[in-house]
Amino acid sequence: MNWFPIFYREILLFQRRLLRLGYVVSALFAPLLYLLAFGLGLGKRVAIPGTSYLDYLLPGLIAMSSMTNAYTWVANGLTVGRLHFRTFQVYVQAPVTATAIVVGELLAGVARGLFASLIILVLGLLLGSRLQLNLMFVLALILNCALFAALGVIVGMRSRSHEDTATFTNFLIMPMAFFCGTFFPVNEMPWLVQVIINCLPLTHTNHLLRFPAWTLADLGSLLVLTAYGLFCIVLGIIIIRRYSE
Amino acid sequence: MIITQDLSKHYREVVALDGLYLEIHPGEIFGLLGPNGAGKTTTIKILTTLARPTRGRAFLQDYDVVRQPLPVKRLIGVCPQEINLDKELTAYENLWIYGRLYRLPDLHKRIKELLDFGDLSDRASHLVKNFSGGMQRRLLILRALMSRPQVLFLDEPTVGLDPQVRRQLWSLIQQLKMEGITIVLTTHYIEEAEMLCDRVGILNRGRLIALDTPAALVARLGGYVVEAMHNGKREYHLVKDKAEAYSCAQTENCEVIIRKVNLEDVFIQLTGERLSR
């Protein structure tokens, strides 16, 4: 499967954009703002049983940043590349399979999500967080990036304009960022809302990043993320395979 | 080399291409001529696997374009109308990524060879966004040549370029023909079609309305045109030879232009419209 050139192209473009300071700042501005405002400001007044608010918030922000960065990079890249710059058409006319395109885009999204997570993690640790890192944490983080990068493939391929991508972000990504346990525990929400929230993937990522262990509940969350991820990957492959102008 | 049978493409109620029968021979430069919206780009999109036809079939060297897209893709090089290079990357990087998509061996050597051929060697490590329009267009053609395609599709290759750069690209295209590559190009520039193409298919509103060599198409109308301007409206008189043109001009009581018949006259004769509508 010839995914490497697709991945490499995205990484080169990412590298070029990293050199622009404004780009990095704008991409990471929101989570950094949350970390400083909520973690240091509001955090002193919020009590989470058994932990400090900063330790509670940091995994949530890492989950949120990995989600938004992996998703946005892929969704915007495909929308703009397909509709505006028409660079996506180069892949369609080259002898590469739809699977290779999805894998290349997805891995680039993962790289981007992990990069954003690392910055938040380092900043959180510098601010005094005592976050525990283990294999489950890393695995959940990678799965989260992959799942939302695959969702980005679907949205990027189905959007008919840049506004479509933004609409999808506003109606799905933003609510998830706020309600899936990023800033406050889910179990304090009304019963019915909890049921809905527990069906959303970011809730499971937040759970896994906060309590990274190999318990049955953690494995269940891991399974949910994997199922969502596989569903998005398969759907993305089908959409690209059927692509026709 | 390329055969299309009843090839059609509808976008809801809009008929972009309507029952195209075509046979393109190996080694020729085949031109699709027509105004905007005639179906030229749609034809190219179908033949390069970017669009699926609503009806009909297309074959490239016995491979069905819809059912066997992968072998078709290995045979073709595509230079689209819009410059879809990665402008944030260098010329070398653009060619390298494209070459890797085709799993080409000796990639570095091939890139060097092509940059030399396209006179862009000294620009290999420059970002494409800093290239002039003509250089970007040249790089786009070089990229399409990376995989040593047997068929090269050029969709409006010189659109938006100044006359001098256009002539440079024409000479590049003629060089490619000498190497035996079959070239399918779309254009709405009369001069381009006449200068480059061995045969021309004229498309209008999705239908093929004429197909022949430029010389044969022009010969159908006679040798010369007398253009006369009457009350702001241009009138055309087709005549056989110069002598007939002079006598026709003498009957007009306004300024006239006598010139040779060209493909635009063929188009006007067939459709009643100008090419650049």
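Predicted, not measured: the structure shown is a model, and the values here were computed from it. Convention: sequence-line order gives letters A, B, ...; per-chain numbering from 1.
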Worksheet item: With a 4.5 angstrom heavy-atom cut-off, which part of A/Arg9 approaches chain B: side chain, backbone, both or neither?
Response: both
Heavy-atom distance under 4.5 Å to chain A: side chain of [X], backbone, both or neither?
| X | answer |
| --- | --- |
| B/Glu82 | side chain |
| B/Lys9 | side chain |
| B/Leu85 | backbone |

Discussion item. Under 6.0 Å from the ring centre and within 45 degrees of the ring axis: does the NZ or CZ of B/Arg166 meet both conditions for the six-membered ring of B/Tyr189?
Written reply: yes
Contact leader toward chain A among [options], where contacts are heavy-atom pairs under 4.5 Å:
| options | result |
| --- | --- |
| B/Arg143, B/Lys45, B/Lys87 | B/Lys45 |
| B/Thr48, B/Leu50, B/Ile46, B/Ile83 | B/Leu50 |
| B/Thr42, B/Ile97, B/Leu70, B/Thr49 | B/Ile97 |

Discussion item. For chain B, which candidate among A/Phe88, A/Phe85, A/Phe4 shows the most heavy-atom pairs at distances under 4.5 Å?
Written reply: A/Phe4
Response to the item:
Heavy-atom closest pair (B/Thr182 atom, B/Gly27 atom, distance to 0.1 Å) is OG1-N, 2.8 Å
Worksheet item: Is it the case that more than 12 heavy atoms not belonging to A/Asn134 sit under 6.0 Å from its CG atom?
Response: yes
Worksheet item: Does the pair B/Glu156/B/Lys40 count as a salt bridge with the N-to-O cut at 4.0 Å?
Response: yes
Worksheet item: Taking the side chain as C-beta and beyond, is there a heavy-atom pair between B/His25 and B/Arg199 under 4.5 Å?
Response: yes
Item to complete: Determine the interplanar angle of the A/Phe115 and A/Phe14 rings, folded into 0 to 90°, and report it as parallel if under 30°, tilted if 30 to 60°, perpendicular if over 60°.
Response: perpendicular
